[in-house]
Amino acid sequence: MRLDAVKILLVDDNHHMRVLLTEILRAIGVRNVFEANDGAEALQMLRNHPIDIVMTDLAMQPLDGIDFVRLLRNSQDSPNPMVPVIMITGHSTMRRVAEARDVGVTEFLSKPVTARGVIERISRVIDHPRPFVRTSEYFGPDRRRRDDAGYPGPYRRKTDRPTAELDD
């Protein structure tokens, strides 16, 4: 995978983490790395640069990663509501993962960050993009990761229904 043309925005209030991530990204071939200290600065950066992927920390001040992604996905003046977002955090409890997923995070990466983890998440975002879904309560990448043949329903989308049901 050639990453030299990919533009990645790093959003983290910890300078040392941004330096670490920048070094990992440069080592894997990413040449266009932009940085922001928090979500508010990131939104402005997205207005000024055509970013392909956002990598953001969860715990930041004054605008944390969850609020940043919520604004990015849902604000009327969002510069790029469909940009893939990789959430990076040391708070990888199921509750926090679900919270991040439910505001529209594309991928989740737990600290400590490794080059392999970064490569895997970037590869998923590029090689396996997920379609976006809009409902009255959610806008973001489809949260379903796999087809589950044993799923008992309810089927809410026409494309989800078993073929026998479509013939009715």
Side-chain angles (χ1 to χ4, degrees), residues 6-13 17 21 34-111 113 117-166 168:
V6 176
K7 295 172 187 70
I8 296 182
L9 172 60
L10 300 178
V11 188
D12 198 316
D13 58 355
M17 182 55 73
L21 286 167
F34 300 85
E35 296 183 17
N37 290 311
D38 62 45
E41 190 177 324
L43 288 169
Q44 189 57 47
M45 191 73 71
L46 283 158
R47 287 183 181 90
N48 298 332
H49 302 283
I51 301 297
D52 300 308
I53 299 171
V54 173
M55 299 179 76
T56 183
D57 189 31
L58 189 148
M60 297 182 289
Q61 292 296 328
L63 186 64
D64 73 4
I66 297 291
D67 291 333
F68 162 63
V69 175
R70 186 177 290 117
L71 283 171
L72 177 65
R73 296 288 187 231
N74 299 302
S75 178
Q76 289 289 73
D77 66 340
S78 174
N80 188 352
M82 295 179 72
V83 67
V85 176
I86 300 170
M87 179 74 67
I88 303 170
T89 185
H91 307 282
S92 57
T93 65
M94 284 307 293
R95 184 182 68 78
R96 294 301 268 180
V97 171
E99 186 179 14
R101 178 203 64 206
D102 290 345
V103 296
V105 167
T106 313
E107 292 292 336
F108 206 87
L109 180 61
S110 296
K111 293 178 184 176
V113 173
V118 171
I119 292 168
E120 286 174 358
R121 295 328 179 281
I122 290 173
S123 295
R124 275 190 217 153
V125 164
I126 293 172
D127 296 336
H128 306 287
R130 297 197 320 243
F132 270 60
V133 174
R134 182 178 299 278
T135 69
S136 59
E137 292 138 19
Y138 175 77
F139 176 69
D142 190 340
R143 295 177 280 195
R144 296 174 301 172
R145 296 231 175 227
R146 62 193 178 301
D147 290 329
D148 183 358
Y151 178 66
Y155 291 102
R156 295 178 297 222
R157 297 185 187 140
K158 190 173 185 175
T159 58
D160 287 344
R161 295 186 186 126
T163 9
E165 281 186 36
L166 291 176
D168 293 341

Which distance, rounded to the nearest 0.5 Å, do you find between the [atom1] of [X] and the [atom2] of [Y]?
X    : Y    : atom1 : atom2 : result
L10  : I53  : CG    : CD1   : 10.5 Å
S123 : E107 : OG    : CD    : 10.0 Å
I86  : L21  : CD1   : CG    : 10.0 Å
E99  : M87  : CD    : CE    : 8.5 Å

Kindly say whether [Y] contributes a backbone atom to a donor-acceptor pair with the side chain of [X] at under 3.5 angstrom?
X    : Y    : value
D52  : I8   : no
R130 : T106 : yes
R101 : V97  : no
S78  : N74  : no

Side-chain contact, heavy-atom cut-off 4.5 Å: [X] with [Y]?
X    : Y    : value
I88  : V113 : yes
V6   : I126 : yes
E120 : L109 : no

- prompt: Would E41 and Q44 satisfy side chain to side chain contact (heavy atoms under 4.5 Å, CB included), going step by step from the backbone distance to the final call?
  reply: CA-CA 5 Å; E41 190 177 324; Q44 189 57 47; 5.6 Å; no

message: Could you work out, with ring-ring contact (aromatic ring centres under 6.0 Å, His included) as the rule, every residue matching F132, not counting sequence neighbours?
response: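 Once residues adjacent in sequence are excluded, the partners of F132 under the ring-ring contact (aromatic ring centres under 6.0 Å, His included) criterion are F139.
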
message: Walk me through whether L71 and L43 qualify under side chain to side chain contact (heavy atoms under 4.5 Å, CB included).
response: CA-CA 9 Å; L71 283 171; L43 288 169; 4.1 Å; yes

message: Could you walk me through whether F68 and D38 satisfy the side chain to side chain contact (heavy atoms under 4.5 Å, CB included) test, starting with their C-alpha distance in whole Å, then the side-chain angles of each, then the deciding distance to 0.1 Å, before giving a yes or no?
response: CA-CA 8 Å; F68 162 63; D38 62 45; over 6 Å; no

Grab the two heavy atoms, one from [X] and one from [Y], that are nearest each other, plus how far apart they are.
X    : Y    : answer
P141 : G104 : CD-O, 3.3 Å
R96  : F108 : O-CE1, 4.3 Å
N80  : I51  : ND2-O, 3.6 Å

field: side chain to side chain contact (heavy atoms under 4.5 Å, CB included) assessment of R73 paired with V85
entry: CA-CA 10 Å; R73 296 288 187 231; V85 176; 3.6 Å; yes

Distance-only criterion, 3.5 Å: show the donor-acceptor pairs between side-chain atoms of residues 54-65 and protein atoms not counting sequence neighbours.
{"residue": "D57", "atom": "OD1", "partner": "K111", "partner atom": "NZ", "Å": "3.4"}
{"residue": "D64", "atom": "OD1", "partner": "I66", "partner atom": "N", "Å": "3.3"}
{"residue": "D64", "atom": "OD1", "partner": "D67", "partner atom": "N", "Å": "2.8"}

